[in-house]
Protein chains: 2
Amino acid sequence: MDRFLSSAINKIDTKGRVSVPAHFRSVVQKRGFADLYALRALDIPAMDVGGPDLLDRYEQRIALEDPFLQTADDMSFFVHGDGSFLKLDQDGRITVSDFIREHTGITSEVAFVGRGLFFQMWEPERLRAYGAQVRERLLKLRQQASQGRPAASSE
Amino acid sequence: MDRFLSSAINKIDTKGRVSVPAHFRSVVQKRGFADLYALRALDIPAMDVGGPDLLDRYEQRIALEDPFLQTADDMSFFVHGDGSFLKLDQDGRITVSDFIREHTGITSEVAFVGRGLFFQMWEPERLRAYGAQVRERLLKLRQQASQGRPAASSE
DNA sequence: TATCGGCCCATGCTATCCCATTGAGTACAT
DNA sequence: ATGTACTCAATGGGATAGCATGGGCCGATA
């Protein structure tokens, strides 16, 4: 399996390091990522982490915006500005920078969440709250579908 | 037979392991699954367990959505993040993680329920209660039908 | 010189391997 | 029908390997 799946919570040690889950590391290796890019997710307090393809994805997203409007510029600044990238040490750990802590609220523990082609880093408590919201939205979607709305509709 | 059918209740040992029913294991083998994937069911305290095809089905569904809208993101979060791998050991057992226990309420025993292309894991008492609810709903539906209401209605 | 990042090793926990035991079901012979 | 031997599944437990974690050391940098 070469996709980022399932989730795990690991502790940050006194030096500010945290182990990337072994399964994620093997995916990273299998996909041939030399290093990892961590980007601030646009509307949630999480980091999106992945290989170079992650940047492409974000750029596609930004390209949807009108280049004359400020939004596109803001997004570009947000995504590329600082664009921290993460080095795995020999034990498969990364250092959690202030950049990451500020955006996510991470302090002593990191929740790693597989998202298929990339993974996310969350503050565990915030992840839990967000997960509950997601389930609620999906349930509502399902109820709408069963009331005769077309199943493939996103709105 | 290559479908998951019938049900069984097995005990969790002191190490947190539980045997997957032999019949289910033979289905897993027949379908050529290397490992199993367990997903938290949306509106019930059960795990949906299946092979990679279960994941493929969900991913195909996600592909129908606009990748930059919230619905696609929610679905991916649910499918990729809200699940976990289950590795069968050499004796056909899996370890019941806290991740599973939290969602299902499982403590010392697991009820395995065949659902055709996948199977479910329940806390036995909750399964019993849920089964009663299902029967009640079906009974009500039938009564309504005999009173002239349309039988296929979901309300 | 003080700090930080990277390298290496130690430790403890848990998942996994491997083997033993138990018990239920089945076939077969008397 | 009944007893016996066989098979296979579930369960228990010792041994081990992999992984998360903690901490020491060193070299680069400011």
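Note on naming: letters A, B, ... go to the chains in the order of the sequence lines (proteins, then strands), and numbering restarts at 1 for each one.
A donor-acceptor pair under 3.5 Å is formed between the side chain of Thr104(B) and the backbone N or O of Ile106(B). Checked by atom type and distance alone, the side chain of His80(B) never pairs as donor or acceptor with a backbone atom of Leu55(B) at under 3.5 Å. Within the 3.5 Å criterion, the main-chain N or O of Gln120(A) finds no donor-acceptor partner in the side chain of Arg115(A).
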Which letter, B, S or -, goes with each nucleotide of nucleotides 6-12 of chain C from 5' to 3', with contact meaning a protein heavy atom under 4.0 Å? BBBB---
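Rounding to whole angstrom units, NZ of residue Lys11(A) and C1' of dC19(D) are separated by 14 Å. Distance, Ile9(B) CD1 to dA24(C) P: 17 Å, rounded to whole Å. The nearest whole Å value for the distance from the CZ atom in Phe85(B) to the C1' atom in dT16(C) is 17 Å. If you measure from atom CD1 of Ile12(B) to atom C1' of dT14(C), you get 16 Å, rounded to the nearest angstrom. Residue Leu86(A) contributes atom CG, which lies 13 Å from atom P of dG5(C) at whole-angstrom precision. The NE2-P distance, from His23(B) to dC8(D), rounds to 17 Å in whole Å. Following rounding to the nearest Å, Asp13(B) (CG) and dT16(C) (C1') show an atom-to-atom distance of 12 Å. Protein atom CG of Asn10(B) is 14 Å distant from nucleotide atom C1' of dG23(C), rounded to whole Å.
Heavy-atom minimum distance, Met75(B) versus Leu141(A): CE-CD2, 3.9 Å. For the pair Phe85(B) and Ser6(A), the tightest heavy-atom approach, listed with the atom from each and the gap, is N-CB, 4.4 Å.
The side chain of Thr14(A) sits closest to dG23(D) out of dG23(D), dA20(D), dA10(D).
Nucleic acid contact for Val96(B): none, since no nucleic acid atom lies under 4.0 Å from a heavy atom of the residue.
With a 6.0 Å cutoff to the six-membered ring centre and a 45° limit on the axis angle, Arg40(A) does not count as a cation-pi contact of Phe99(A).
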